[in-house]
Amino acid sequence: MKISFFDDEPEIYPLQYGGKARTITNLAKEFIKLEEVEDITILSKSIRSDKEEFFVDGIKYVVLNDNNIIEKIAKEMNRTDILNIHCCSFTFPKISGRAKKFYFLHDVLIATAEKGSHLDKALGGEFDGVIAPSEFARSIYEKKQEVLHNKTSCYVIPRHINENIFYNISKNCIMNDKERPKIIDKIIKNYKYILFFPSRPIEEKGRKYLIELSKTLNKNEKNYCIVGPFSSDNDLPEYFIDTGWIKSEELKYYYSIADVTLNFSELPESFSQVCLESTYCGTPVVAFASGNIPYLSKKIENIIIVNKSMDSICNGIDKALILKRNETNTKRIIEKIGQEFSADIIIDKYMQLYKKYMEE
């Protein structure tokens, strides 16, 4: 079986930043291990490389640009067996070919579904199936089916945890790890409380709540910092520590040293990769009740739902600080995530779906 991915938005290589980008690369790395999979290809406009095509870890990367997207997709449609598609800004065309086409339903599409924009454009390509990462995401699609005149079946397959690059690691082990980002040393040595904000500090991701929280904490607690990729924002106070662009392989260090991970996204999260990764690394998450997060919190108790008042957020952080130090509870949560969201379980669901459509 040949499996391909087309993407027009997330930073696929080498940065792999954001839940959607990690979803695609995580799946590709698991599929390539399977005996029945002949090859894996990722086609994307966001690949940073001087080469048009290259291989990394057995995965073929194809660089797209405005002049060759249709040509490359059409060629891939007749070469591969399965074409997984994620597109937001690109109107996917009606292209015929031998491949079965599966559309990945994700956050941006759900967020703009009310406007009938992205979701309408993306589903114009007449897919064989739609894959949603949660029941919440599928419910949004089904509500819009009639408006979109779309009857494509939607299947729920959650995202998986990449156990090779995400795991709980102690501060002592991190300090002895030669691969750790050097900024980690400064953070561990100088601050008692560490809050990790893994998203870009934009309004949709809750920038104003982050600023308001920092002012509140500054009145009561001086020995804390808020860590995250803040390089594009010059207006943040000094106790905001900029990590720069974080590689996927380095996220575990930040999740593990943090006392709390903050997820202030106001977008309807279709799954929330951040919540899964952070809790698997042993750190509770304080999050708003957006999209799938309330449902996910029922499965993973270390996801603390708060409202948008500072009292609620601060109370949530206090609860998270207690949970962070409960090693027995943390171990139980990690085991529970492994049992439900491991790569073996999720990849098997994908393969069953692909084989079903190939047989038909």
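Sequential numbering from 1 along the given sequence is applied to the chain's residues.
- Clustering ILVMFWY residues whenever any of their side-chain heavy atoms sit less than 4.5 angstrom apart, transitively, puts Val156 in a cluster other than the one holding Ile161.
- Smallest separation of non-hydrogen atoms from Thr261 and Ser278: OG1-OG, 2.7 Å.
- Taking each heavy atom of Asp128 and Ala99 in turn, the nearest pair found is OD2-O, 4.1 Å.
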> Could you walk me through whether Leu262 and Ile317 pass the side chain to side chain contact (heavy atoms under 4.5 Å, CB included) check?
Replying inline: CA-CA 9 Å; Leu262 304 174; Ile317 290 173; 4.3 Å; yes
>> Show, in sequence, the C-alpha distance, side-chain angles and deciding distance for Glu266 and Arg207, and conclude whether the side chain to side chain contact (heavy atoms under 4.5 Å, CB included) test is met.
In response: CA-CA 10 Å; Glu266 295 190 273; Arg207 182 184 186 278; over 6 Å; no
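- The SG atom of Cys314 sits 5.5 Å away from atom CG of Leu213, with the distance rounded to the nearest 0.5 Å.
- In the hydrophobic clustering of ILVMFWY residues, with side-chain heavy atoms under 4.5 Å counting as a link, Ile70 and Leu43 come out together.
- Ser270 has its side chain out of reach of Leu105: every pair of non-hydrogen atoms, C-beta onward, lies at least 4.5 Å apart.
- Note that CD1 of Ile69 is 9.0 Å distant from OG of Ser44, once rounded to the nearest 0.5 Å.
- With rounding to the nearest 0.5 Å, the separation of CG in Asn190 from CG in Asp185 is 10.0 Å.
- The only member of Ile226, Ile194, Val286 that meets side chain to side chain contact (heavy atoms under 4.5 Å, CB included) when paired with Val260 is Val286.
- By the criterion of side-chain heavy atoms lying less than 4.5 angstrom apart, applied directly or through intervening Ile, Leu, Val, Met, Phe, Trp or Tyr residues, Ile300 is not grouped with Val285; the two fall into different hydrophobic clusters.
- Checking Tyr155, Phe6, Phe127, Tyr357 one by one against Phe102, the ring-ring contact (aromatic ring centres under 6.0 Å, His included) holds for a single residue, Tyr357.
- At least one donor-acceptor pair under 3.5 Å links the side chain of Thr283 to the backbone N or O of Tyr255.
- Of the residues listed (Phe196, Tyr239, Tyr193), the one engaging Tyr224 in a ring-ring contact (aromatic ring centres under 6.0 Å, His included) is Tyr239, and it is the only one.
- Counted within 6.0 Å of NZ on Lys331, heavy atoms from surrounding residues, nucleotides or ligands total 12 or fewer; the atom is thus considered open.
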Without placing hydrogens or testing angles, list every side-chain donor-acceptor pair under 3.5 Å for residues 346-353, not counting sequence neighbours.
{"from": "Asp348", "atom 1": "OD2", "to": "Gln352", "atom 2": "NE2", "distance (Å)": "2.6"}

Donor-acceptor contacts, no H, no angles, side chain residues 24-34, under 3.5 Å, sequence neighbours left out:
{"from": "Thr25", "atom 1": "OG1", "to": "Ala21", "atom 2": "O", "distance (Å)": "3.0"}
{"from": "Thr25", "atom 1": "OG1", "to": "Arg22", "atom 2": "O", "distance (Å)": "3.3"}
{"from": "Asn26", "atom 1": "OD1", "to": "Asn162", "atom 2": "ND2", "distance (Å)": "2.9"}
{"from": "Asn26", "atom 1": "ND2", "to": "Arg22", "atom 2": "O", "distance (Å)": "3.1"}
{"from": "Glu30", "atom 1": "OE1", "to": "Lys33", "atom 2": "NZ", "distance (Å)": "3.4"}
{"from": "Glu30", "atom 1": "OE2", "to": "Lys33", "atom 2": "NZ", "distance (Å)": "3.4"}

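- Around the CD atom of Glu327, the shell of radius 6.0 Å holds no more than 12 heavy atoms that belong to other residues, nucleotides or ligands.
- Using a 3.5 Å distance cut-off with no hydrogens or angles, the side chains of Tyr191 and Asp259 do not pair a donor with an acceptor.
- In this structure, Asp39 pairs ionically with Arg79, as a charged nitrogen and a carboxylate oxygen lie closer than 4.0 Å.
- Residues Pro294 and Gly291 come closest through the heavy atom pair CD-O, 3.3 Å.
- Within the 3.5 Å criterion, the main-chain N or O of Ser231 finds a donor-acceptor partner in the side chain of Asp242.
- When side chains are defined from C-beta on, Arg180 counts as touching Lys182, because their heavy atoms get closer than 4.5 Å.
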> Between Phe341 and Leu296, does a side chain to side chain contact (heavy atoms under 4.5 Å, CB included) hold up when you go through it step by step?
Replying inline: CA-CA 11 Å; Phe341 300 103; Leu296 195 61; 4.0 Å; yes
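- The structure places CD of Glu249 at 10.5 Å from CG of Asn164, a figure rounded to the nearest 0.5 Å.
- With hydrogens and angles left out, the side-chain atoms of Asn168 and Thr330 include no donor and acceptor closer than 3.5 Å.
- Residues Ile73 and Phe92 have side chains in contact (heavy-atom distance under 4.5 Å, counting atoms from C-beta outward).
- Other residues, nucleotides and ligands place no more than 12 heavy atoms under 6.0 Å from the CZ atom of Arg48.
- Salt bridge annotation for Asp81-Arg98: present, with a cationic side-chain nitrogen under 4.0 angstrom from a carboxylate oxygen.
- The existence of a salt bridge linking Glu212 and Lys308 is excluded, since no basic side-chain nitrogen approaches an acidic carboxylate oxygen closer than 4.0 Å.
- The shortest heavy-atom contact between Ile174 and Ser256 is CD1-CB, 4.0 Å.
- Atom CD1 of residue Ile42 and atom CD1 of residue Ile40 lie 8.0 Å apart, to the nearest 0.5 angstrom.
- The backbone N or O of Phe136 lies less than 3.5 Å from no partner atom in the side chain of Asn292, so there is not a single donor-acceptor pair.
- Between Tyr209 and Phe288, the ring-plane angle classifies as perpendicular under the 30° and 60° cut-offs.
- Under the 4.5 Å side-chain criterion, counting only non-hydrogen atoms from C-beta, Asn315 is not in contact with Val306.
- Cluster annotation: Ile12 and Phe55 are assigned to distinct hydrophobic clusters (Ile/Leu/Val/Met/Phe/Trp/Tyr, side-chain heavy-atom contacts under 4.5 Å, transitive).
- Within 6.0 Å of the CD atom in Glu301, the count of heavy atoms belonging to other residues, nucleotides or ligands exceeds 12.
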>> Pair Glu269, Val274 - check side chain to side chain contact (heavy atoms under 4.5 Å, CB included), show working.
In response: CA-CA 10 Å; Glu269 298 272 352; Val274 165; over 6 Å; no
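- Listed for the Arg332 side chain is no donor-acceptor partner under 3.5 Å among the backbone atoms of Thr328.
- In this structure the side chain of Glu179 reaches within 4.5 angstrom of the side chain of Tyr253, judged on heavy atoms.
- Exactly one of Ser272, Pro198, Ser290 qualifies for a side chain to side chain contact (heavy atoms under 4.5 Å, CB included) with Asn263. That residue is Ser272.
- Contact check on Glu203 versus Lys208 returns no salt bridge, with no Lys/Arg side-chain nitrogen under 4.0 Å from an Asp/Glu carboxylate oxygen.
- Nearest approach of Gln273 to His160, heavy atoms of both residues: NE2-O, 3.5 Å.
- Using a 4.5 Å heavy-atom threshold, the side chains of Phe230 and Phe197 count as touching.
- Aromatic pair Phe166/Tyr280: centroids not less than 6.0 angstrom apart.
- Under the 4.5 Å side-chain heavy-atom criterion for grouping Ile, Leu, Val, Met, Phe, Trp and Tyr, Leu323 is connected to Ile313 within one hydrophobic cluster.
- Of the inter-residue distances, the one linking Arg159 atom CZ with Leu276 atom CG reads 9.5 Å to the nearest 0.5 angstrom.
- Proximity of Cys87 to Tyr103: side-chain heavy atoms (C-beta onward) are separated by under 4.5 Å at one or more points.
- Defined by atom type and a distance below 3.5 Å, a donor-acceptor pair is missing between the side-chain atoms of Tyr295 and Glu135.
- In this structure, the side chains of Ser199 and Phe264 stay at 4.5 Å or more apart for every pair of heavy atoms.
- With hydrogens and angles left out, the side-chain atoms of Asn307 and Ser309 include a donor and acceptor closer than 3.5 Å.
- Nearest heavy atoms, Ile211 versus Ser214: O-OG, 2.6 Å.
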